[in-house]
Amino acid sequence: MSEQEIKVPDLGGADEVEVIEITVSAGDSVEAEDPILTVESDKASVELPSPGAGKITKITVKVGDKVKEGDVVGMMEASADSGGSDDSEEKPEGKAEEKSEAKQEEKSEESKPAPKKASGGSRKETVKVPALDGFDNVPVIEINVAEGDTIEADDPLVTVESDKATMEIPSPYSGKVGKILVSEGDKLSEGHELLEMTVQEEGGDEEASEAASEEPAKEEKSESKSEEKPKQQAESAPEPQGATYEPPTPGAKVHAGPAVRKLARELGADLARIKGSGPKGRIIKDDVHAYVKSQLKQAQQGGGVATGSGIPGVKLPDFSQFGEVKREAMSRMMFATANNMQRSWLNVPHVTQFEDADITDMEDFRKAQKAAGEKKGVKMTPLPFLLKACATALAELPQFNVSLDMERKEVVRKQYIHIGIAVDTPNGLMVPVIKDVDKKGLWELAAESAELAQKARDKQLKPAEMQGACFTITSLGGIGGTAFTPIVNTPEVAILGVSKAAMKPVWDGKEFQPRLMLPLSLSYDHRAVNGADAARFTTVLSQLLGDIRTLLL
Ligand code: CAO
């Protein structure tokens with residue numbers, strides 16, 4: 001077995017592209033043509049295929065790196081039977097690439113439409129499909145213009161999609177769209193006629209003679225114009241309208257082509273908020289339309305939720321005028337948490353109910369379990385008791401075990417009791433979920449919560465381990481504080497905040513007794529739960545924790 005380099009192949013004219021996804025890691029076995037990584041230019045995202053079958057030994061790039069044709073992105077050991085030796089990898093493919101590159105250059109020269117004679121400042125052109133990065137017979141998935149549209153050079157005309165990439169075919173001219181000669185679903189190859197255009201001569205009538213004698217200068221101009229385009233587009237992006245309407249930050253990458261970006265700008269839709277339904281989560285026009293539709297619908301439903309619209313944004317001052325500052329990109333997790341918190345805060349009418357639970361006896365019992373815990377290798381903290389008490393309270397007061405479906409005007413009543421636990425990790429807040437808490441014993445809950453908390457800190461949680469919660473417990477008891485107002489983890493309707501237990505004098509009818517009191521803060525969604533139920537819930541909790549024998553009933 002010999003080690004060979006995995007190189008970036010011909011990128012069909014794109015200079016530098018960004019690595020947006022790495023599909024394999026060292027040790028993975030791959031077949032020839034299996035995707036190794038995905039790169040994205042401003043026009044298309046493309047999967048780079050494995051040059052042969054074998055085992056990946058190293059990946060030398062990371063997401064966000066810029067690569068160009070010929071760059072080494074990793075190493076692999078070709079499997080013995082793949083026939084993918086160094087020779088077979090380098091020579092025929094290298095030659096094929098060179099050849100196809102030369103051919104493409106030739107072809108693109110050929111396919112450059114020869115301008116027809118000017119007549120009164122405009123001329124008719126038939127736009128043809130340019131070289132398609134070696135692809136053939138690719139179906140049209142979207143037609144981005146309509147007859148009569150006035151467009152600029154480089155505006156996307158149609159979007160085609162192969163099994164490897166989605167590409168937009170840009171207009172070579174500024175002008176007016178005439179007859180469209182293709183339909184969605186048509187399979188296109190280089191040279192295929194796309195549409196007719198009336199092309200405006202550069203400079204208009206007054207400068208017609210100048211323009212006619214300066215064709216090369218015109219080409220230079222349109223080239224630099226297309227280079228400038230992404231910058232111009234970014235500058236013309238609309239100002240954020242609401243507090244939740246953050247402009248995409250570095251690190252929060254949106255996958256969408258120029259036409260989709262343009263549409264989103266026109267409609268004032270924030271792409272960072274739209275879930276893509278295209279390949280690899282790419283946002284397509286339908287996603288933008290669906291998003292805008294849903295926003296309009298929400299705004300029209302009187303009781304609907306203001307998801308940022310109409311709320312004045314927070315304008316940041318230039319902090320450097322007050323002193324030295326440093327800026328850094330938010331981590332993906334921080335950005336996601338910030339969005340979730342704001343969404344919950346804006347969507348949920350919050351109320352917080354406070355209560356103290358007397359856990360003097362519970363603590364005596366818990367401490368008495370220390371030796372047993374050491375034997376089992378499990379530490380019994382107050383958390384398993386809280387989990388058990390909450391599960392019992394949720395069963396007794398099922399109005400807390402629901403989600404609201406405002407769109408369908410329905411209450412979703414859950415017939416299971418899964419509880420999330422907020423875990424403070426060096427990377428931010430994570431909420432693993434303990435399933436079927438009502439069916440588990442205290443030791444099992446102690447072991448499972450410790451295991452999930454450790455996984456959260458080690459970034460080892462699987463998505464399934466963070467889904468499905470009916471309710472959340474956020475315990476700051478190990479840290480400190482007397483009370484706080486947690487934010488409901490919507491679509492759940494309640495969350496229990498737990499602060500640090502403290503000895504307090506409690507009047508027993510005759511005298512003050514020193515009792516260990518645990519502060520509880522129950523935040524709830526006042527649409528789903530009323531205040532009386534919230535007071536019932538915390539009362540039930542405090543009774544259960546005050547006499548843990550009742551947890552057995
Ligand atoms: N009052 C007093 N002491 C408490 C307590 C309370 N309410 N809760 C826990 N403790 C004690 C424990 O008994 C333990 O003490 P000992 O070591 O002497 O026994 C110590 O505090 C540390 O406990 P722990 O935090 O390791 O364990 P836990 O099971 O109580 O909590 C977990 C686990 C994952 C909830 C916790 O580690 C954590 O991450 N908490 C932060 C959650 C958070 O960030 N919430 C905010 C979300 S909103 O921003």
Side-chain angles (χ1 to χ4, degrees), residues 333-334 336-345 348 350 352 354-374 376-390 419-434 437 440 442-461 465-466 469 471-490 492 494-504 515-523 538 541-542 544-546 548:
M333 199 157 126
M334 186 180 180
T337 305
N339 270 328
N340 285 343
M341 289 292 177
Q342 190 152 28
R343 193 178 51 212
S344 292
W345 183 250
V348 174
H350 280 77
T352 307
F354 301 100
E355 174 69 294
D356 279 348
D358 183 342
I359 57 163
T360 318
D361 298 338
M362 185 195 101
E363 275 298 273
D364 288 345
F365 175 76
R366 184 180 74 85
K367 284 182 182 145
Q369 303 310 310
K370 203 168 171 206
E374 276 164 12
K376 288 175 189 286
V378 179
K379 187 175 165 190
M380 184 67 81
T381 66
L383 186 61
F385 295 89
L386 289 162
L387 282 162
K388 208 67 203 157
C390 287
I419 299 180
I421 47 171
V423 179
D424 178 35
T425 82
N427 310 298
L429 176 67
M430 302 205 80
V431 188
V433 179
I434 303 186
V437 175
K440 292 176 179 164
L442 288 171
W443 286 115
E444 203 179 349
L445 292 172
E448 200 175 330
S449 55
E451 189 194 329
L452 287 173
Q454 195 51 48
K455 273 184 158 182
R457 291 181 188 117
D458 296 343
K459 287 196 187 170
Q460 295 292 319
L461 284 174
E465 290 171 319
M466 293 186 279
F471 180 88
T472 295
I473 297 176
T474 171
S475 172
L476 297 176
I479 303 169
T482 54
F484 63 111
T485 55
I487 295 180
V488 173
N489 196 9
T490 186
E492 296 157 34
I495 181 169
L496 182 72
V498 182
S499 297
K500 194 174 176 64
M503 289 303 276
K504 286 189 180 168
R515 304 296 292 178
L516 186 63
M517 304 304 285
L518 179 71
L520 304 175
S521 309
L522 178 81
S523 289
T538 51
L541 279 184
S542 110
L544 290 166
L545 295 169
I548 52 167

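Numbering of ligands and ligand atoms starts at 1, following listing order.
The 4.0 Å heavy-atom shell around ligand 1 contains residues Arg366, Lys379, Thr381, Pro382, Leu383, Ala422, Val423, Asp424, Leu429, Ala453, Arg457, Thr474, Ser475, Leu476, Gly477, Gly478, Val498, Ser499, Lys500, Ala501, Leu518, ordered by chain and number.
Atom CD1 of residue Ile434 and atom CD of residue Glu465 lie 11.0 Å apart, to the nearest 0.5 angstrom. From Ile473, atom CD1 reaches atom CG of Leu496 across 6.0 Å, with rounding to the nearest 0.5 Å.
Under the rule for a salt bridge (charged side-chain N to carboxylate O under 4.0 Å, His left out), Glu444 has no partner lying at least two apart in sequence or in another chain. Applying the salt bridge (charged side-chain N to carboxylate O under 4.0 Å, His left out) test to Lys388 and every residue at least two apart in sequence or in another chain returns nothing. The salt bridge (charged side-chain N to carboxylate O under 4.0 Å, His left out) check on Asp424 picks up nothing, with sequence neighbours excluded.
His350 contributes no side-chain N or O that, together with a main-chain N or O of Ser523, makes up a donor-acceptor pair within less than 3.5 Å.
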